[in-house]
Trainee: 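Before I ask anything, here is the structure I am working with.
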Amino acid sequence: MSLIVQKYGGTSVGSVERIQAVAEKVARSHRLGDKLVVAVSAMSGETNRLIELAKAIDAQPPLREMDVLVSTGEQVTIALLCMALNKLGVEARSYTGGQVRILTDNAHGKARIQQIDGHRIEADLDAGRVVVVAGFQGSDEDGNITTLGRGGSDTTAVALAAALNADECQIYTDVDGVYTTDPRVVSRAQRLDKITFDEMLEMASQGSKILQIRSVEFAGKYNVPLRVMSSFEEGPGTLISLEDEDEDQMEKAVVSGIAFNRDEAKLTIRGIPDQPGVAYKVLGAISAANIEIDVIVQNVAKDNSATITFTVHRNDLSQAEGLLKQIAQDLGALEIDADDQIAKLSIVGVGMRSHAGVAATMFEALAKENINIQLITTSEIKITVVIEERYLELAVRALHTGFDLDSPSAEQG
Ligand code: ASP
Ligand code: MG
């Protein structure tokens, strides 16, 4: 008998009919003899609706009250799902996050799970019941309701799986797995059977919005096998797990996927002194304003003068540019330059570690399309380039073909 945690997202529980369909799916797994814990999101659109209600009263409502409000969405779903399961003759019990002691810190709106007491859940499972838990929420030491940030039900599911030592955590969603890249850009993108936690983190941190990043980090840390699958059609989905040590390294695909992101902007400061403390002065001031910095590149200085280029989220560009102007004056820099017509593109794969010449293959594919590379950074399992935004789709397609990721069956689009 296995213990499985299943998570159903907002579209999967978006109407009474869909909740009934989820109940049938859960009932089927239950009949097969698995012990089942189900975490659910709010019905699709509900969390947004609740947020709008709050904003109609106060543009910046108290965070504690915001959590009391938005956590109600999930409470509706757990009750309805249990009712539907009951109708099918499956005994089920619903619990809010606080009721099953999902203990979090008190950072309202972005709380982190500290501990889960699995006793109550285990007692229900031993009694043959399905346990349905509200995603996205917990409570702090003082019993205040907290929420885990948008998309947080994924993290609830993984945390439950870790606490209960589940055999697998299945994330049911509206796509049938993780793809080599966004199928809307490359119609020949393929579903991956497997991907590692590290690869998934790289994909998720750049645009692949299938899973909340934190849930992937959590799953990696506690080694919870995660499976992304469709709640609308049958299929194996994509298994996200640790790297398979036994697998033949040479057989492995060099690149597992291509991730991209259009939400960034690039800032450059030229003619700064080539001295200790200068990078800190430039980037420290940006970080101090709570602006997240992503790619950072400094050139090899010449004539005691250096250039630093970095990227920030597009929404932060004007604030970052303002700060950088000030810094440029203080440092006597030559000039600054801001550009929001860029896109970031990465090839990701643990297979890169055992294959040489991956970067050359990537740059060759881009060169053939006459695409200029503005910045390059690398890590052990990733090569990232920044290019002009208008070439993004062309670049993704060229790399998808260049690294043999195109599906043989699908039509070319
Ligand atoms: N309902 C929450 C949201 O919309 C949490 C989730 O769905 O994972 O962000
Ligand atoms: Mg989600």
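Every number for a ligand or one of its atoms is a count from 1 in the order of the listing. Note: hydrogens, waters and symmetry copies are ignored here, and every other heavy atom, side chains too, is used.
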Trainee: Judged by atom type as modelled, is there a donor-acceptor pair below 3.5 Å linking the side chain of T311 to the main-chain atoms of K266?
Mentor: no

Trainee: Can you name the residues that form a ring pair (Phe, Tyr, Trp, His ring centres under 6.0 Å) with Y222, not counting sequence neighbours?
Mentor: F218

Trainee: For a distance cut-off of 3.5 Å, show me each N or O of ligand 1 paired with any protein N or O, plus the separation.
Mentor:
| from | atom 1 | to | atom 2 | distance (Å) |
| --- | --- | --- | --- | --- |
| ligand 1 | 1 (N) | T47 | OG1 | 2.8 |
| ligand 1 | 1 (N) | E74 | OE2 | 2.7 |
| ligand 1 | 4 (O) | T47 | OG1 | 3.3 |
| ligand 1 | 4 (O) | R150 | NH2 | 2.9 |
| ligand 1 | 7 (O) | S41 | OG | 3.0 |
| ligand 1 | 8 (O) | G152 | N | 3.3 |
| ligand 1 | 8 (O) | S153 | N | 3.0 |
| ligand 1 | 8 (O) | S153 | OG | 3.1 |
| ligand 1 | 9 (O) | R150 | NE | 2.7 |
| ligand 1 | 9 (O) | G151 | N | 2.9 |

Trainee: Quick one about D67 and T146 (side-chain donor to acceptor, distance below 3.5 Å, no hydrogens or angles considered), yes or no?
Mentor: no

Trainee: Tell me whether S15 contacts the main-chain N or O of R18 through its side chain, where contact means a donor paired with an acceptor under 3.5 Å.
Mentor: yes

Trainee: Under 3.5 Å, is there a donor on one side chain and an acceptor on the other for N48 and R150?
Mentor: yes

Trainee: Could you check whether T196 and E243, counting side-chain N and O atoms only, form a donor-acceptor pair closer than 3.5 Å?
Mentor: no

